Amino acid sequence: MAVILDLLVQGAQMALVLLLAPLLTGLVRKTKARLLRRQGAPIVQPYRDLLRLLRKEVVLAENASWLFRVAPYLIFASTWVAAALVPTFATGLMFNWTADLIAIIALLGSARFFLALSGMDIGTSFGGIGSSREVMIASLAEPAMLLIVFTVALIAGSTQLSTVSAFMASPSVGLRMSLALALVALIMVALAENARIPVDNPSSHLEVTMVHEAMVLEYSGRHLAMIEFGGFLKLLLYVSLIASVFMPWGIADHAAGPVEYAFGAIAYLIKLALVGVLLAVFETAIAKMRVFRVSEFLGAALMLGLLGTLLLFVSRSL
Amino acid sequence: MTPVAVLLWAIAALLGTAVMAVALSRAAVATQLVYSACAVICGVALLFLLVHLVGQPGSTTSLSLPLGLPWLGAHFRLDPLATFFLIVVDLGGAAASVYGLGYGRHETAPHRVLPFFAAFLAGMNLVVLADDAFTFLLCWEFMSLTSWALVMTHHQDKENTRAGYIYLVMASFGTLALLLAFGLLAGPDGHYGFAAIRATEHTPAVAGLVLALALLGAGSKAGLVPLHVWLPLAHPAAPSHVSALMSGVMTKVAIYGFVRIVFDLLGQPAWWWSLVVLFLGGISTVLGVIYALMQHDLKRLLAYHTVENIGIIYIGLGLALAFQTNAMNGAAALALAAALFHVLNHSIFKSLLFFGAGAVLTATHERDMEHLGGLIHRMPYTSFAFLVGCVAISALPPLNGFVSEWLTFQAILQSTNLPQWSLKIMVPAVGGLLALSAALAAACFVKAFGVTFLGRPRTPAAAQAQEVDRFSLGAMFICAALCLLAGILPGLVIDGLAPVTLSLIGDRMPVQTSIPWLSIVPITAGRSSYNGLLVFAFIAFSASLAAYVIHRFASRALRRAPAWDCGYPDLSPVTQYTASSFAQPIRRVFGDLAFRVREKLDMPPPGDIRPARFIATLRDRIWDTLYMPVVRAVNFGADHLNRLQFLTIRRYLNLVFLTLITLLLVLAIWR
């Protein structure tokens, strides 16, 4: 019985991230539009886009290989698995121990690996430019992310996200310098990883500036839907990550009752909305930077992460 | 018959095959015969070793033969460490031999490859079995020379001759360093047996000196920065299956030499050793991958990438040393297991990738990625296997490369309790370097796979490539399957490594195979766990679920059309991103670390119709700052000593007399 219940909760989490991901993106877009005094598309527009794309036929370039057709599903699947492993409304789910934080980051790395490859598959210059810039950004963002993971893991004594989240909710954490550094670095990395302003512009179709959009230029129909969905999930993943590590309030713990789960879900929704609105405000207030300034931006994140880790090596209480 | 005797018979069989290859060298059947013989011998030895590992874990047997120095004899010993490394050697040997069955058919000079191939395999096996300094050095040199002969297979090519020359110089230098190391270890009485060395107490000064010499000797063979310069020249020069052996296996034999000396023979380490090893490992990982990123020769890219992986292994070894000195044996066992796991992983996927590069070479006669492209259409099986290798080496889950890097990260997270301040600073810095190199490795292999196999063919040779034969494909798919197996069932490998860590450190990681769901748990379940099998199953399940749901309920319509490319598709394949242009952003960010980059833009003035040119030259900083001065000094000395060749007989007699007097004087003063 307990196993079935655990499975149900785990399944609920997988379904929840899938259902909420487009909503979060819709919320960010709507807020941005309102901040710019535009009416904006309704919040549910991303769902409509996805459904429309799914129903359309795929127009495939003549020399596309099997990799180009398989990659969208792989990207979607690995992002979904990663997103489902981050605690949202409850910790200690049945399969939480499958992958720790390092493995979750690496799963996103797998998704990016295939995305960058599919950008090069057709053999157009736009695909190449996108892939090439994407791996350059990733080569700085990923180590920065791992150093943030180190910082968090050293404080919590675990790389297991459930344990980290439970520890962060306990009063023994206190105010720490290293956590502040890690939070700033994590926000910077999250902006870069999700192709948000100031690193990349998610709504840009100007050739010279785009990174992510250039890679997926040749995709259409259901393939594009899968990749877009992967992108929504990734944004949700990073928001959940920030929420579960730095705002762990209200998360239900292992073997909680339905009331706690419901409470956790409501808390999670509030956190999502809060971070989403903050992201929109931030994006509206700042300009996109040149591609080669990105390395300085992410280099700063890397240094912050390293500093956070170093502080913990110097003293466990910093 | 003891296990050592069985393995020595296998080695004798390999040597016999080498002799047979000399005799048969020009016969048509020689290629098939030699490679089948090598494959069978290595395969049998591999099976025997696996059975030995499972059946008698931790057992040690030895044997001495009346060969070599008369008062010493030749000692051989099979302990857990040697068992593990022999498995790596024979696995790589068997795979390379199977590959050779197909690849070797295209060899233009088989008589230059076959005898040395078998002898090279025998040499690597012998080094690992050797149990006294004399035998060890002799076999080490035998291994170096046979591999040198293989590098010189196509000696008509100027570049190969240069590669062979540099390799020979560096190999001799390495052996010299090891010779001195063993001289110090043996002491003035000349106890060359490893058992005697192990029993002796070494003073800290001697032990430190031996560590430095072992780093020079084994490190130069393994390709540790800054001793790596020969490696990217020599490894690609050999035929591809030999490149696979040199990069995948011979560098591991070098690691074996280092582990044997430092962890086994030297006794209790001093804490600063780990500092040196970690530092060298850290810079090797990052510089190795940056060098690799800048290459457009596929085999050279792979060879440079070996430097990165050797760095990762040395980081693991350095961590193990650091924990061992501070009596944190559990963590030391974890770090050592991570390093050894990476040894196994790297030998598998680097062999696979070199086999793939060899297949591309067979199919197109091209190694330069700028002349390739679009091979995924012409060579579907090769490209699939190569892709598996790329994912594995980029440390992406669920394949094996990720597991060993994950274990290394877990070891790094154990190190906050180290008391030494310099280690407290060094370990997180090395962790950052490791993370950086992992991300750059993924970039490197997106480039390698994307430019070679994806896109449109850049030359007619690439457009007309043919899939390779089934032996080559078989060898590649065996390696690919092993990458997946070691990735999803890492617990088996970790348990297999337990006897090694027990014998060297006296502790082991927790038993993994009894953990439910076949997860791996390095310390305790609350700290960290990873389950490759479930990750693999989840990805496979959700990808198929998504594909099924969409094809069933949404749409399965598909239309082929010209590429979109923002409305301006260009038909010429030269407009694609090339290897150099792909790496350009990374060169701008990281290039200065390893290279002196000079970019020259030649823009003709308006009215001039000559095309504009952009030339970027990269000069290796390490070669320029460390090696060129030595080369210049040697040349200067040679030029000036040249005069001594043209003296009269009177002067020569004077010189001899003077030398004699000087030596006698030195002796007199010394006494």
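Here is the naming used below: chain letters follow the sequence lines, and residue numbers restart at 1 for every chain. All figures in this text were calculated on a predicted structure; none of them were measured in a lab.
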Counting only non-hydrogen atoms closer than 4.5 Å, does [X] touch chain B with its backbone (N, CA, C, O), its side chain (CB onward), both, or neither?
X: A:F76; value: side chain
X: A:W97; value: both
X: A:L146; value: side chain
X: A:L161; value: neither
X: A:M14; value: neither
X: A:V81; value: side chain
X: A:S131; value: both
X: A:V70; value: neither
X: A:T159; value: both
X: A:I122; value: both
X: A:A84; value: neither
X: A:A153; value: side chain
X: A:F95; value: side chain
X: A:L107; value: both

Do NZ/NE/NH1/NH2 and the carboxylate oxygens of A:E193 and A:R112 come within less than 4.0 Å?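 Salt bridge present between A:E193 and A:R112.
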
State plainly whether the residues B:R587 and B:E599 are in salt-bridge range, i.e. N to O under 4.0 Å.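 Salt bridge flag = yes for B:E599 with B:R587.
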
Any side-chain to backbone donor/acceptor pair from [X] onto [Y]? Under 3.5 Å, distance only.
X: B:S555; Y: B:A557; result: yes
X: B:E370; Y: B:A579; result: yes
X: A:T151; Y: A:S178; result: no
X: B:K424; Y: B:P419; result: no

When heavy-atom pairs shorter than 4.5 Å are enumerated against chain A, which of [options] gives the highest number?
options: B:A395, B:S415, B:A540; result: B:S415
options: B:L434, B:I523, B:I539; result: B:I539
options: B:I586, B:L534, B:V446; result: B:V446
options: B:A554, B:P562, B:A583; result: B:P562
options: B:F538, B:F449, B:F453; result: B:F538
options: B:P573, B:A439, B:S383, B:A438; result: B:A439

To the nearest 0.5 Å, what is the distance between CZ (A:R55) and CD1 (B:I550)?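 A:R55 atom CZ to B:I550 atom CD1 measures 13.0 Å (nearest 0.5 Å).
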
Side chain, backbone, both or neither: which part of [X] has an atom under 4.5 Å from a heavy atom of chain A?
X: B:F402; result: side chain
X: B:A429; result: backbone
X: B:R456; result: both
X: B:W406; result: side chain
X: B:V521; result: neither
X: B:Q410; result: side chain
X: B:C444; result: neither
X: B:S519; result: side chain
X: B:F553; result: neither

Using a cut-off of 6.0 Å, state whether more than 12 heavy atoms not belonging to B:Y381 lie near its atom OH.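 Counting neighbours around OH of B:Y381, 12 or fewer heavy atoms of other residues, nucleotides or ligands fall under 6.0 Å, so no.
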
Could you tell me whether A:R52 atom CZ has more than 12 heavy atoms of other residues or ligands within 6.0 Å of it?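 Count not over threshold, so no.
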
Does the plane of the ring in A:Y73 sit parallel, tilted or perpendicular to the ring in B:H551? Use 30° and 60° as the thresholds.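 Rings of A:Y73 and B:H551: tilted, 30 to 60°.
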
When the ring centroid of A:F113 is compared with that of B:F445, is the distance short of 6.0 Å?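 So the answer is no for these two rings.
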
Shortest non-hydrogen contact from A:S139 toward B:L436: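 Scanning both residues completely, I find the closest heavy atoms to be O-CD1, 3.4 Å.
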
Shortest non-hydrogen contact from A:S295 toward B:V589: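 For A:S295 and B:V589, the tightest heavy-atom pair comes out as CB-CG2, 3.7 Å.
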
For the residue pair A:V291 and A:R133, establish whether any side-chain heavy-atom pair is separated by less than 4.5 Å.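 Yes, at least one pair of side-chain atoms sits under 4.5 Å.
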
